[in-house]
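The chains referred to below are lettered A, B, ... by the order of the sequence lines, with proteins before strands, and numbering in each begins at 1.
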2 protein chains.
Amino acid sequence: MTYQESLSALADPTRRRIFEAIAQSPQPVGALAKTLPISRPAVSQHLKVLSDAGLVLCRVEGTRHIYAARPDGLAQLRAWLDRYWDKVMDGFAEEINGGGGLDD
Amino acid sequence: MTYQESLSALADPTRRRIFEAIAQSPQPVGALAKTLPISRPAVSQHLKVLSDAGLVLCRVEGTRHIYAARPDGLAQLRAWLDRYWDKVMDGFAEEINGGGGLDD
DNA sequence: ATTCTTGGTAAGTCATTACTTACCGTAATC
DNA sequence: GATTACGGTAAGTAATGACTTACCAAGAAT
């Protein structure tokens, strides 16, 4: 549920594909696996990672586990990146107008 | 130089620390290593990853290699995340007002 | 010119991780 | 109730990656 989990979860290309796929339309695990070059258990494991990161949630319909993207998760990652951006730009600005100095 | 490289580069906590540090003020490799719990070669290797991702650049002053953050790199990552966000939200919106169905 | 500082690269190790197959439980179907 | 569809978990493997020490090249300093 932290931005770090979201970050490393989405760092994997396969997980990005999965997340994108279920973001476009929620799907059960098997259907998802058919569209991917990996086995169903592999998809299950990726979904667990995405779920632990809070990027995804699951509703159970009978034996079908239908996964859907959870916008909050992505929102948190965006929020982190924005704060990070600000911090970095602050440092960068300091560097430009005098670095350690502040004198001018 | 792609967003994927930036993403996986910043997925590593140590690399985030390094990036943040040199964003606050550009530093030579050795000075950077002193503030971190890892060896200087390890720092060098992290810097190479950050550099390949376009997040960092280096100016040479004698034997000193002074690394600085490159805002463009982060900007590209932010831009990607924003587009990604839009895409995901599109899918999410579709899902809400009818999804695959459209019937109701 | 030699010595010292600085930092990149090579090679090897250990942990992590992305995948596989095999297995098990549970809900639907006949 | 037996069978089939669905999916999570266990266990093992192969690749990746973060680190180490050892080494080498190049500029500074004495």
Practice task
Taking side chain to side chain contact (heavy atoms under 4.5 Å, CB included) as the test, write out the residues that go with B/A75, two or more places apart.
Solution key: A/W85
Without decimals, in angstroms, what is the distance between [X] [atom1] and [N] [atom2]?
{"X": "A/H46", "N": "D/dG7", "atom1": "NE2", "atom2": "P", "answer": "16 Å"}
{"X": "A/L7", "N": "C/dT17", "atom1": "CG", "atom2": "P", "answer": "14 Å"}
{"X": "A/K34", "N": "D/dA5", "atom1": "NZ", "atom2": "P", "answer": "11 Å"}
{"X": "B/I38", "N": "D/dT21", "atom1": "CD1", "atom2": "C1'", "answer": "15 Å"}
{"X": "A/D52", "N": "C/dT16", "atom1": "CG", "atom2": "P", "answer": "17 Å"}
{"X": "A/I22", "N": "D/dG7", "atom1": "CD1", "atom2": "P", "answer": "13 Å"}
{"X": "A/D12", "N": "C/dT16", "atom1": "CG", "atom2": "C1'", "answer": "13 Å"}

Handout entry: Short side-chain N/O contact to C/dT17 OP1/OP2 from A/S8, under 4.0 Å
Key = no
For [range], pull every pair meeting salt bridge (charged side-chain N to carboxylate O under 4.0 Å, His left out), keeping only residues two or more places apart or in separate chains.
{"range": "residues 30-50 of chain B", "result": "B/K48-B/D52"}
{"range": "residues 11-33 of chain B", "result": "A/K87-B/E20"}
{"range": "residues 71-80 of chain A", "result": "A/R70-A/D72, A/R78-B/D82"}

Handout entry: Set of ring pair (Phe, Tyr, Trp, His ring centres under 6.0 Å) partners for A/W80, sequence neighbours left out
Key = A/Y3, A/Y84
Completion exercise
A correct 5'-to-3' footprint of nucleotides 2-14 of chain C, with B, S and - meaning base, sugar-phosphate only and no protein heavy atom under 4.0 Å, is ----SBBBB----
Handout entry: N/O donor-acceptor pair under 3.5 Å between B/E5 side chain and B/T2 backbone
Key = yes
